[in-house]
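Below: the structure, in structure tokens.
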Amino acid sequence: MSKRLIFLGPPGAGKGTQAIQLAESAGIPHISTGEILRSAIAAETELGKQAKSYMDAGELVPDSLLLDLIRARLQEPDATSGWILDGFPRNVSQAQFLDQLLVELNQAPITILNLIVPESVLIKRLLARKRGDDTEETIQRRLVVYREQTAPVVAFYQDHQLHSVDGDRTPGEVAQALSTLVNEA
Ligand code: AMP
């Protein structure tokens with residue numbers, strides 16, 4: 001079973017839900033940059049203060065706030081035997097950084113899981129979620145940011161083990177499909 005997994009997919013695709021479940025069953029940490037940033041905002045840390053306005057606007061926070069953080073997190077003791085990344089990389093420069101970092105840390109290879117969900121379904125799901133940055137305006141902006149900055153990451157990973165999974169099913173069905181894939185990868 002592959003133990004270094006990256007979840008790709010637009011906001012609302014179910015990355016968080018699926019990643020948490022898979023991480024728990026595989027006994028590896030779930031590393032969500034969105035969660036790390038939300039905790040930093042709640043704790044009013046320097047990182048949180050710098051990230052808040054970008055997150056509220058539906059924009060990506062600058063790479064400079066995240067790269068060292070990811071480097072440190074992947075070297076924590078609980079991450080040496082595997083991890084699931086959720087929300088990172090979010091643009092091609094983060095993907096390039098991660099590629100180099102994993103070579104450096106001797107943590108290759110990786111498996112990429114790309115959740116595919118139609119935009120109309122994403123909007124309905126995000127509006128139902130009622131998170132702080134899930135207002136109608138911010139949702140639209142996050143979908144544009146996804147198309148412009150994050151979708152190219154899928155092309156970047158074409159040569160890696162990239163698996164596209166239909167995310168427009170019940171969480172249980174998606175979880176089943178993912179677990180079959182991951183066990184074979
Ligand atoms: P998420 O919880 O993954 O939906 O992320 C929520 C918000 O956190 C995003 O809209 C971004 O503002 C910010 N964020 C999370 N991960 C990243 C990342 N890898 N790069 C830049 N911004 C991020």
Side-chain angles (χ1 to χ4, degrees), residues 4-23 29-74 76 79 83-102 107 110 112-117 119 121-157 160 165 167 171 174 178:
R4 292 192 183 95
L5 306 169
I6 295 179
F7 269 79
L8 297 179
K15 297 188 295 296
T17 309
Q18 296 297 335
I20 288 169
Q21 212 172 310
L22 204 53
H30 165 233
I31 303 175
S32 155
T33 42
E35 283 298 328
I36 293 170
L37 293 168
R38 280 187 288 280
S39 306
I41 290 174
E44 298 181 5
T45 64
E46 196 49 45
L47 171 67
K49 281 179 203 153
Q50 291 184 42
K52 188 174 187 318
S53 60
Y54 295 97
M55 290 177 76
D56 286 346
E59 303 292 340
L60 297 185
V61 310
D63 289 355
S64 57
L65 295 183
L66 285 172
L67 301 188
D68 286 347
L69 189 151
I70 286 289
R71 178 189 290 276
R73 183 65 188 88
L74 295 188
E76 296 278 323
W83 36 254
I84 298 184
L85 276 182
D86 160 15
F88 189 98
R90 212 53 164 247
N91 59 31
V92 172
S93 76
Q94 292 181 5
Q96 286 166 337
F97 166 84
L98 184 64
D99 244 23
Q100 282 181 10
L101 178 65
L102 295 182
Q107 291 196 5
I110 48 176
I112 324 285
L113 301 165
N114 184 29
L115 286 178
I116 312 232
V117 176
E119 201 158 286
V121 176
L122 296 174
I123 293 171
K124 269 190 220 140
R125 286 187 187 175
L126 291 167
L127 283 172
R129 197 159 76 171
K130 293 193 164 56
R131 207 170 73 190
D133 58 347
D134 283 337
T135 64
E136 228 164 313
E137 196 190 343
T138 315
I139 288 169
Q140 291 299 346
R141 183 62 201 150
R142 281 160 62 217
L143 291 171
V144 170
V145 167
Y146 173 78
R147 282 198 294 273
E148 292 178 353
Q149 300 190 53
T150 311
V153 173
V154 175
F156 176 88
Y157 281 128
H160 288 259
V165 176
V174 178
L178 289 171

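Just so you know, ligand 1 is whichever comes first in the structure, and atom 1 is the first atom listed for that ligand.
- Between Phe88 and Ile6, the shortest heavy-atom distance links the atoms O-CG2, 3.9 Å.
- At a threshold of 4.5 Å between non-hydrogen side-chain atoms, the residues Arg142 and Asp134 count as touching.
- Between His30 and Asp86 there is a side-chain heavy-atom pair separated by less than 4.5 Å.
- Of the residues Ile112, Val165, Leu178, the one that meets the side-chain contact (heavy atoms from CB on, under 4.5 Å) test with Phe7 is Leu178.
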Name each donor-acceptor pair under 3.5 Å that joins a side chain in residues 146-155 to protein atoms two or more places apart or in another chain, with its distance.
| unit_1 | atom_1 | unit_2 | atom_2 | d |
| --- | --- | --- | --- | --- |
| Arg147 | NH1 | Glu119 | OE1 | 2.7 |
| Arg147 | NH1 | Glu119 | OE2 | 3.2 |
| Thr150 | OG1 | Arg90 | O | 2.8 |

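- Heavy-atom neighbours of Tyr54 OH from other residues, nucleotides or ligands within 6.0 Å: at or below the threshold of 12.
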So what's ligand 1 close to, N/O to N/O, under 3.5 Å?
| unit_1 | atom_1 | unit_2 | atom_2 | d |
| --- | --- | --- | --- | --- |
| ligand 1 | 2 (O) | Arg38 | NH1 | 3.0 |
| ligand 1 | 2 (O) | Arg38 | NH2 | 3.0 |
| ligand 1 | 3 (O) | Arg90 | NH1 | 3.0 |
| ligand 1 | 3 (O) | Arg90 | NH2 | 3.2 |
| ligand 1 | 4 (O) | Arg90 | NH2 | 3.4 |
| ligand 1 | 4 (O) | Arg131 | NH2 | 3.2 |
| ligand 1 | 5 (O) | Arg90 | NH2 | 3.2 |
| ligand 1 | 12 (O) | Glu59 | O | 2.6 |
| ligand 1 | 16 (N) | Thr33 | OG1 | 2.8 |
| ligand 1 | 16 (N) | Gly87 | O | 3.3 |
| ligand 1 | 16 (N) | Arg90 | NH1 | 3.3 |
| ligand 1 | 19 (N) | Gly87 | O | 2.8 |
| ligand 1 | 19 (N) | Gln94 | OE1 | 3.0 |
| ligand 1 | 20 (N) | Gln94 | NE2 | 2.9 |
| ligand 1 | 22 (N) | Val61 | N | 3.1 |

